Amino acid sequence: MAKRRLPRMIFDYIDGAAGDEAGALRNRRALDAVTLTPRILRDVSKRSLSTEVFGSEAGVPFGIAPMGMCNLSAPGADLMLARLASKYKVPLGVSTVASTPMEEMIETAEGHAWFQLYFSGDGEGTFRLVDRAKAAAYQTLVLTVDVPEVGRRPRELRHGFKMPFRIGPRQFVDFALHPSWSLRTLRAGRPDMANFRKDGFDFDRTESRAKATWDTLSELRERWHGKLVVKGVLDDQDAIWLKERGVDAVQVSNHGARQFDCAPSPIEVVPKFRSELGVDYPIFLDSGIRSGSDILRAIVSGADFVFIGRILQFAIAANGEAGLLQLWKVLEEELSIAMAMLGLAGLKGVGTVRRNRS
């Protein structure tokens, strides 16, 4: 439905992956390869999906991954996601390149928002964003480290996708063939990178982020006194070093295969992370999650919490906020049924169990 309703350029921006997109296929195949053994004759008539994240109760064990320019999927999409986070008391990842200002996002989410940070250029603008997030009362910062250079995504290149938009004949025809999206977007105003509307805040989506080092992390840890998550970790030794340097959680992620088509799937490496980091250290996971069963696969494999991205934008593009709520309910129902099959009445502590003992 989203593919029919969105201009092809916009759909491919959301759906596309790096290189020949083998990484996206690997994510799917790796998840499919994880089997969960049913357990029988256990009373699972009452099941709870709730869990804890950094000591706070969350209604479900999955949240909203940071995604840039969500308002491309539909006007107001960012705030739909913020209202969802508030309703379910789950973290909303607010992207550096969100299409709604970070201050409005955390207010609408009623505090259930984490700010996702890209290190860029020499870092001066990056640390100004950190100070701004602090002033907006964010309690958790998510440093994304897996984009030293922006991945080459052929679908974007083919359509000439750039931010801000540059409208040429090809894009004009694409938008004209999708009048509903185009008219609604025109009325709402062209989406842009809203955190950079203020004077003194600039961002180049294609700028190199390759100067970030372990010293950068140390400086960030000194300046940020809230919870610090590092996202985009796939090597267990890196994860150990992050823990030793005071990072509060790691997010195992290959960026939905959008940056590097050769990277392993997070579901493949998370059991080793759990073994190396211990039972109490928070491990989050994203990339390729498409169902409630996928969420349970990740949790049983060793993740404490799961983040979901693309499919939420597809739901919004298909049917607005009603579509988003419908998809969320489907995920809840699928997860609850899968838990019953495994003989699980709750999820707390399940992330420390290896999948071959499920």
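Because the structure is predicted, anything quoted here is derived from the model rather than measured.
Inspection of the Gln116 and Thr144 side chains reveals an N or O donor paired with an N or O acceptor under 3.5 Å. In this model, a donor atom of one side chain and an acceptor atom of the other lie less than 3.5 Å apart for Ser99 and Asp78. Of the N and O atoms on the side chains of Ser265 and Arg26, not one donor lies less than 3.5 Å from an acceptor on the other residue. Checked by atom type, the side-chain pair Ser291/Ser293 shows no donor-acceptor distance below 3.5 Å. Side-chain contact annotation: Asp146 with Asn254, donor-acceptor N/O pair under 3.5 Å absent.
Judged by distance alone, with hydrogens and angles left aside, the side-chain atoms of Asp261 form no donor-acceptor pair with the main-chain N or O of Gly19 at under 3.5 Å. One N or O on the side chain of Arg221 and one on the backbone of Gly246 form a donor-acceptor pair closer than 3.5 Å. A donor-acceptor pair under 3.5 Å is formed between the side chain of Arg153 and the backbone N or O of Arg258. Judged purely by atom type and a 3.5 angstrom limit, Ser218 uses its side chain to pair as donor or acceptor with the backbone of Trp214. At distances below 3.5 Å, at least one donor-acceptor pair connects side-chain atoms of Gln171 with backbone N or O atoms of Gly168. A donor-acceptor distance shorter than 3.5 angstrom exists from the side chain of Arg170 to the backbone of Arg158, with no hydrogens or angles considered. A distance-only check finds no donor-acceptor pair linking the side chain of Asp304 to the backbone of Val53 [under 3.5 Å]. Using a distance-only test at 3.5 Å, with no hydrogens or angles considered, a donor-acceptor pair links the side chain of His178 to the main chain of Leu6. Using a distance-only test at 3.5 Å, with no hydrogens or angles considered, no donor-acceptor pair links the side chain of Glu149 to the main chain of Val147. Put simply, the side chain of Lys134 never gets that close to the backbone of His225: no donor and acceptor are under 3.5 Å apart.
A 6.0 Å sphere centred on CZ of Arg152 holds no more than 12 heavy atoms belonging to other residues, nucleotides or ligands. Annotation: Lys243, atom NZ; neighbour count of heavy atoms from other residues, nucleotides and ligands within 6.0 Å is above 12. The environment of Glu21 atom CD is dense: over 12 non-hydrogen atoms of other residues, nucleotides or ligands sit within 6.0 angstrom.
Note: Phe127 and Phe119 have perpendicular aromatic rings, judged against thresholds of 30 and 60 degrees for the angle between ring planes. The aromatic rings of Trp181 and Phe175 sit tilted relative to each other, their planes meeting at an angle between 30° and 60°. Phe307 and Trp114 have tilted rings, their planes meeting at an angle from 30° to 60° on a 0 to 90° scale.
Taking the ring axis of Tyr281 as reference, the NZ or CZ atom of Arg274 does not stay both within 45° of it and closer than 6.0 Å to the ring centre.
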Q. Checking salt bridge (charged side-chain N to carboxylate O under 4.0 Å, His left out) for the pair Glu103/Arg132: CA distance, chi angles, key distance, verdict?
A. CA-CA 9 Å; Glu103 293 84 358; Arg132 187 171 157 189; 2.7 Å; yes
Q: Carefully, step by step, assess Leu217 and Val145 under the rule side chain to side chain contact (heavy atoms under 4.5 Å, CB included).
A: CA-CA 10 Å; Leu217 176 70; Val145 294; over 6 Å; no
Q: Would you check, one step at a time, whether the test side chain to side chain donor-acceptor pair (under 3.5 Å) holds for Gln326 with Asn319?
A: CA-CA 9 Å; Gln326 181 181 356; Asn319 195 31; 4.8 Å; no
Q: Evaluate the salt bridge (charged side-chain N to carboxylate O under 4.0 Å, His left out) criterion for residues Lys87 and Glu110: first the C-alpha distance (whole Å), next the side-chain angles of each, then the deciding distance (0.1 Å), finally the verdict.
A: CA-CA 9 Å; Lys87 180 176 181 178; Glu110 297 184 324; over 6 Å; no
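One finds a salt bridge joining Arg8 and Asp12 here, because a Lys/Arg side-chain nitrogen approaches an Asp/Glu carboxylate oxygen to under 4.0 Å. A salt bridge between Asp192 and Arg197 is present, with a side-chain N of the basic residue lying under 4.0 Å from a carboxylate O of the acidic one. A salt bridge links Lys272 to Asp236: at least one charged side-chain nitrogen sits closer than 4.0 Å to a carboxylate oxygen. Comment: Glu333 does not engage Lys329 in a salt bridge, judged by the lack of any side-chain N to carboxylate O separation of less than 4.0 angstrom. Looking at Asp294 and Arg297, a side-chain N of the basic residue comes within less than 4.0 Å of a carboxylate O on the acidic one, giving a salt bridge.
The residue from Leu296, Val34, Leu31 that alone fulfils the side chain to side chain contact (heavy atoms under 4.5 Å, CB included) condition with Ser301 is Val34. For the side chain to side chain donor-acceptor pair (under 3.5 Å) with Asp15, the qualifying choice from Arg155, Arg310, Lys3 is Arg155, the only one to do so.
Interatomic distance, Ser73 OG to Ile10 CD1, rounded to the nearest 0.5 Å: 9.5 Å. Going from atom CD1 of Ile316 over to atom CG of Leu324 covers 4.5 Å, rounded to the nearest 0.5 Å.
Both Ile337 and Ile299 are assigned to one and the same hydrophobic cluster, defined by single-linkage of ILVMFWY side chains at heavy-atom distances under 4.5 Å. A continuous path of Ile, Leu, Val, Met, Phe, Trp and Tyr side chains, each step under 4.5 Å between heavy atoms, connects Phe11 with Phe172, placing both in one hydrophobic cluster. Hydrophobic clustering (side-chain heavy atoms under 4.5 Å, transitive across Ile, Leu, Val, Met, Phe, Trp, Tyr) keeps Val350 apart from Val44. With hydrophobic clusters built from ILVMFWY side chains whose heavy atoms lie under 4.5 angstrom apart, Ile64 shares a cluster with Leu49.
With ring centers used as reference points, Phe62 lies under 6.0 Å from Trp328.
Considering every non-hydrogen atom in both Val229 and Val250, the closest pair reads CG1-C, 4.4 Å. Residues Gly151 and Gln259 approach most closely at N-OE1, 2.6 Å, considering heavy atoms.
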